[in-house]
Amino acid sequence: MKNILITGGAGFIGSHVVRLFVNSYPDYHIYNLDVLTYAGNLENLKDIEDKPNYTFIKADICDHEKMESIFSDYNIDGVIHLAAESHVDRSIKDPFSFAKTNVLGTLNLLQAAKTYWGGDFENKLFYHVSTDEVYGTLGESGFFTENTAYDPHSPYSASKASSDHFVRSFYDTYNLPVVISNCSNNYGSHQFPEKLIPLFINNICNNKPLPVYGKGENVRDWLFVNDHARAIDVIFHKGKIGETYNIGGFNEWKNIDLIKVIIKTVDKLLGRPEGASEELITFVTDRAGHDYRYAIDSSKLKNELGWEPSLQFEEGIEKTVKWYLENKAWVDNVTSGNYLKYYQDMYGE
Ligand code: NAD
Ligand code: DAU
C-alpha cells in the first residue's frame with residue numbers, strides 16, 4: 001500500500017495519526033481529507049505540512065461524487081477513517097448531523113472504495129476507527145470485549161454503531177477488506193476544549209466554574225492519544241481483515257477523582273496553593289442518557305498484535321496540562337474560530 005487516505009486528519013486524534021504516518025512512512029503518501037468543521041484545525045499539523053509525502057484535501061465525506069473521484073484522482077489503496085462528529089453533548093442537541101456525517105459519510109467512503117477497487121482487493125484496506133460507546137454501559141464490574149453486544153444510548157454512539165454495522169456489512173456482502181477498532185476515551189494535546197479534560201484545564205486557568213454532570217460518579221477508561229495513534233498503526237499494518245480490536249488503557253477513573261487530579265496538576269503548574277481551584281467544582285444537571293461506566297479489555301490487541309499503552313496516566317496528564325498551558329494561543333484560536341483564518345491564509349479560500 002502506498003497512497004493512504006486519512007479522513008478527519010485535522011481533528012484531535014486524526015492529527016496525531018497523520019503526523020505518525022507522515023513521519024514513520026516516507027514511502028507512503030498521506031492524503032489528509034477533512035472538511036474542517038469547528039473541530040478540524042490545520043494548525044495542528046503545522047510541523048509536517050511541507051513534507052513531500054503529505055497532501056491536504058478539503059472535502060466533505062458526505063459528498064458522494066467527490067469521494068468517488070478522490071479514490072481515482074489519488075489512486076487510494078488504503079483508508080483510515082476517523083472523520084466524524086464526535087461530541088456526545090452536541091449529538092443530544094443535533095442528532096441529524098451525526099447521522100449524516102457518521103453514517104452516510106461512512107457509507108459514501110465504503111461505496112467509493114468498493115467502486116474504485118472494483119473487486120481487486122489485493123493490498124487494499126479500509127480501516128474504520130470507532131468507539132467503545134457502541135457497547136453501551138457497564139455496571140460496577142466487567143469489561144467490554146470484542147464480543148460484547150452493541151447497545152448504544154446516545155445519538156453519537158448510535159451513529160457510530162450504525163457506521164460499524166455498515167463497515168461489517170461491506171465485508172460480509174462484498175468482501176471489502178475492512179478492519180475496525182473501538183477505543184476508549186482519549187486525552188492529550190490538540191483536543192477541542194469542549195471535552196472534559198481540555199474544557200476543565202481551560203476553565204481552571206480562567207477561574208471559571210467546572211460543570212460536573214450529576215454526582216461525578218461516572219467512570220471512563222482514559223488512554224493517551226499518542227498510544228491510540230500507535231495502536232492504529234499496529235492494527236493497520238498487522239490487523240487481520242474482518243476483525244475488530246478493542247483499544248483501552250486499563251485506566252479507569254471516576255470523573256470526580258479525575259477532575260481532582262486535573263485541578264491538582266493545573267494548580268501546581270500555575271503556582272496556586274494545592275487544591276485551590278476545587279472551589280470551582282459545580283455539580284450540574286446530569287447528561288441525558290449518561291452511560292455509567294466504560295472499561296475496555298484490550299487483551300486481544302496485546303496478545304495478537306503486541307500493542308500496549310506506553311504511558312502512565314500521571315505522566316500523560318502532566319504532559320497534557322503543560323501543553324495546554326504552553327499553547328494558550330491555540331486554545332484562544334479554536335474557541336474564537338480564528339483558526340479558520342490559518343486555512344484561508346494558506347489556501348486563499
Ligand atoms: P474530532 O471531533 O476532534 O475530529 C473530527 C475531525 O473530522 C475534524 O477534523 C472534522 O473537521 C472532521 N470532519 C467532521 N465531519 C466531516 C465531514 N463531513 N467530512 C470530512 N471531515 C469531517 O474527533 P476525534 O476526537 O479526533 O475523533 C476521531 C475519531 O475517533 C471519530 O471517529 C471518533 O468517533 C473516534 N473516537 C474518538 C475518541 C475520543 O476519545 N475522542 C475515542 C474513540 C474513538
Ligand atoms: O469513550 C470514547 C468516547 O469518549 C469517544 O467516542 C467520544 O468521541 C469522546 O467525546 C468521549 O466521550 P465522553 O462523552 O465519554 O467524553 P466527554 O469528555 O464528553 O465526557 C467525559 C465524562 O465527563 C462523561 O462522563 C461526561 C463528563 N462531563 C463531560 C463534560 C464535557 C462532565 O461531567 N462535564 C462536562 O462538562
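When a ligand or atom number is given, it counts from 1 through the structure's own listing order. Just so you know, these numbers come straight off a predicted model, no measurement behind them.
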Atom 16 (O) of ligand 2: nearest protein contact (heavy atom, Å): N185 ND2, 3.4 Å
Heteroatom proximity flag, Y38 to ligand 1, N/O under 3.5 Å: no
Atom 40 (O) of ligand 1 - nearest protein heavy atom and its distance: N186 N, 2.9 Å
Atom 23 (O) of ligand 1: nearest protein contact (heavy atom, Å): S86 OG, 3.3 Å
From N182, L196, V219, I13 - option closest to atom 21 (C) of ligand 2 by heavy atom: L196
Nearest protein heavy atom with distance in Å, relative to atom 23 (O) of ligand 2: N255 ND2, 3.4 Å
Heavy-atom nearest neighbour in the protein, as seen from atom 33 (C) of ligand 1, with distance rounded to 0.1 Å: Y156 OH, 3.5 Å
Subset of ligand 1 atoms that lie under 4.0 Å from at least one heavy atom of D60: 17 (C), 18 (N), 19 (N)
Side chain, backbone, both or neither: S157 near ligand 2, heavy atoms under 4.0 Å: neither
Heavy-atom nearest neighbour in the protein, as seen from atom 29 (C) of ligand 2, with distance rounded to 0.1 Å: Y213 CE1, 3.5 Å
Nitrogen or oxygen of P211 less than 3.5 angstrom from that of ligand 2: yes
Atom 21 (N) of ligand 1 [closest protein heavy-atom partner, distance rounded to 0.1 Å]: V35 N, 3.2 Å
Modelled atom types, side-chain donor and acceptor of Y127 and S181, under 3.5 Å: yes
Identity and separation of the nearest protein heavy atom to atom 15 (N) of ligand 1: T101 CG2, 3.5 Å
Which residue and heavy atom of the protein sit nearest atom 11 (O) of ligand 1, plus the separation: D34 OD1, 2.6 Å
Heteroatom proximity flag, L33 to ligand 1, N/O under 3.5 Å: no
Close approach, S15 and ligand 1, non-hydrogen under 4.0 angstrom: no
Contacts of H153 that satisfy ring pair (Phe, Tyr, Trp, His ring centres under 6.0 Å) - sequence neighbours left out: none
Ligand 1 atoms in contact with T37 (distance to a heavy atom under 4.0 Å): 10 (C), 11 (O), 14 (C), 15 (N)
For atom 37 (C) of ligand 1, the protein heavy atom that lies nearest, with its residue and separation: I13 CD1, 3.3 Å
Atom 43 (C) of ligand 1 [closest protein heavy-atom partner, distance rounded to 0.1 Å]: C183 O, 3.3 Å
Ligand-residue contact atoms, ligand 2 with K195, heavy atoms, under 4.0 Å: 10 (O), 18 (O)
Heavy-atom gap K160 to ligand 2 smaller than 4.0 Å: no
Ligand 2-proximal atoms of N186, by part, heavy-atom distance under 4.0 Å: neither
